Number of protein chains: 2
Amino acid sequence: MSSKRQRTRLKILDSALRLLVERGYHGVGMEEVARDAGVSRQALYLHFQSKAELLVAMAQYNDEKINVPEFVRLKQETNTALEALDSGVQAYGVIEPQIYEVASIVYSARRSDEAAEAAWQDRLAFRRGNIRRVIERLDLEGRLAEGWTVDEATDFAWALLSMHTYEHLVVERGWPIEQFVGRLSLMLKKVIVAPREGVND
Amino acid sequence: MSSKRQRTRLKILDSALRLLVERGYHGVGMEEVARDAGVSRQALYLHFQSKAELLVAMAQYNDEKINVPEFVRLKQETNTALEALDSGVQAYGVIEPQIYEVASIVYSARRSDEAAEAAWQDRLAFRRGNIRRVIERLDLEGRLAEGWTVDEATDFAWALLSMHTYEHLVVERGWPIEQFVGRLSLMLKKVIVAPREGVND
DNA sequence: TTAAAAAATTTACATACTGTAAAGTAATGT
DNA sequence: ACATTACTTTACAGTATGTAAATTTTTTAA
């Protein structure tokens with residue numbers, strides 16, 4: 001059974017998650033989060049050193065709650081790098097909507113907050129690592145397009161598979177997620193994948 | 001000759017520009033901006049209704065100071081849509097570094113501030129309008145790639161020619177600006193421009 | 001069951017920031 | 001020189017974050 005401390009922590013994180021997503025980092029104070037969680041304001045400082053740390057913990061908490069459907073996870077062990085690329089973009093399309101709200105709060109807080117900046121950089125590095133593995137495999141299979149190094153192609157794909165591409169096309173412009181994923185997938189193949197003679201992938 | 005009011009306004013904007021770029025929106029208070037500008041804190045409120053309005057005015061001020069070299073401006077009247085696309089990406093590469101710092105402050109402030117949000121949306125709409133004109137021309141000349149509507153291609157190019165692509169590749173990953181512009185240009189051509197038989201553009 | 005330990009509350013305080021108000025002073029242009 | 005405009009000074013109201021310490025409640029374990 002979970003300890004009281006853990007339960008309180010979760011109550012706080014749940015409240016913070018809901019309220020901060022609704023009204024943004026500077027739109028909600030510690031007082032209100034505490035009231036919503038049913039604890040005193042001071043209790044928040046017993047669990048988190050500062051508001052910024054609460055934000056970071058909240059982002060972590062949200063990450064842990066992400067639901068990645070079986071069919072996406074299964075595709076992880078794929079035959080070719082090309083399939084891996086496809087399933088990677090697919091996973092991006094599934095994950096991004098679930099983390100976008102929180103990630104964008106962290107992103108906006110990072111300019112005036114070191115903890116948020118560190119959390120953001122962690123996220124960037126993690127994603128870049130995943131992408132790099134796919135690109136390396138692509139290179140190994142001789143399917144990396146001419147004129148690209150592994151590093152460059154990684155940077156490029158990483159920049160395109162970012163929170164902000166999602167924000168621009170899906171959030172701002174209202175693209176359906178399937179269209180979004182489809183276009184990105186096609187585009188990446190056209191640009192960083194070398195064509196195989198006589199075959200359409 | 002400029003009035004005292006105008007001179008004071010400029011002093012404030014210059015100070016705000018320097019300090020906010022250095023330490024972010026929430027890293028600098030009105031007090032400090034005033035001290036730096038050599039005026040009283042109250043003077044700031046005689047010129048700007050709020051800190052957020054100062055931020056927006058500052059962004060506008062920065063925009064007005066942008067230096068777009070002659071050779072980029074001259075290319076505006078180009079022969080073909082393809083050339084227009086190229087010169088557009090080129091202009092983006094020249095302009096973005098000059099506005100990035102300020103634009104990213106506005107972007108981060110927009111979540112907790114209506115004035116900043118409005119200013120940001122203005123900027124997005126303006127840029128999108130410019131891009132749309134090029135894409136329309138591309139379509140008119142029959143060079144829009146198969147499977148793209150004008151709207152979709154506009155959204156797509158607009159998402160790629162954003163502050164965040166610049167941030168990811170140039171700021172975070174250190175791409176030289178020529179490489180950045182070159183890759184984007186090539187990529188756009190590959191994806192949204194229809195190939196002309198037997199010719200390499 | 002009860003005593004120790006852990007967790008949370010209450011109350012108070014320090015600090016910093018935004019924004020408002022009003023009276024007084026200095027600079028400017030005609 | 002004088003009226004107007006611009007700016008300063010001083011004071012205040014409100015809202016945050018974060019710290020501190022004494023007290024109470026809850027949990028755990030003997």
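Fair warning: this is a prediction, and the values are worked out from it, not measured in the lab.
- In this structure, B:Y100 has its ring center at least 6.0 angstrom away from the ring center of B:H164.
- C:dA7 atom P lies 14 Å from atom CZ of A:F48, rounded to whole Å.
- When each of D:dG18, C:dT18, C:dT9 is scored by its nearest atom to the side-chain atoms of A:Y45, the top-ranked nucleotide is D:dG18.
- Under the side-chain contact (heavy atoms from CB on, under 4.5 Å) rule, A:W148 has a single partner from A:I192, A:V193, A:D139, which is A:I192.
- For the 3.5 Å distance criterion, the side chains of A:S104 and B:R111 qualify, holding a donor opposite an acceptor.
- Atom NZ of B:K4 is separated from atom P of D:dA6 by 10 Å (rounded to the nearest Å).
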Test B:Y92 against B:Y166 for ring-ring contact (aromatic ring centres under 6.0 Å, His included), laying out the working first.
CA-CA 9 Å; B:Y92 165 64; B:Y166 175 82; 7.2 Å; no

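- Atom-to-atom, CD of A:Q6 to P of C:dA6 comes out at 15 Å; the value is rounded to the nearest Å.
- Side chain of A:K51, nearest nucleotide from D:dG18, D:dT9, D:dA6: D:dG18.
- Listed pair B:R35 / D:dT8 fails the phosphate criterion, with no side-chain N or O lying under 4.0 Å from OP1 or OP2.
- Following rounding to the nearest Å, A:E31 (CD) and C:dT9 (C1') show an atom-to-atom distance of 13 Å.
- For the pair B:Q49 CD and C:dG19 P, the interatomic distance rounds to 10 Å; values are reported in whole Å.
- Atom OH of B:Y25 is separated from atom P of C:dA16 by 20 Å (rounded to the nearest Å).
- One interatomic measurement links the two molecules: NE2 of A:H47 to P of D:dT17, which rounds to 17 Å at whole-angstrom precision.
- Spacing between atom CZ of B:R41 and atom P of D:dC12 amounts to 14 Å, rounded to whole angstrom units.
- Side-chain nitrogen and oxygen atoms of A:T8 include at least one within less than 4.0 Å of the OP1 or OP2 phosphate oxygen of C:dA8.
- A donor N or O paired with an acceptor N or O is found under 3.5 Å between the base of D:dT19 and the side-chain atoms of A:Q42.
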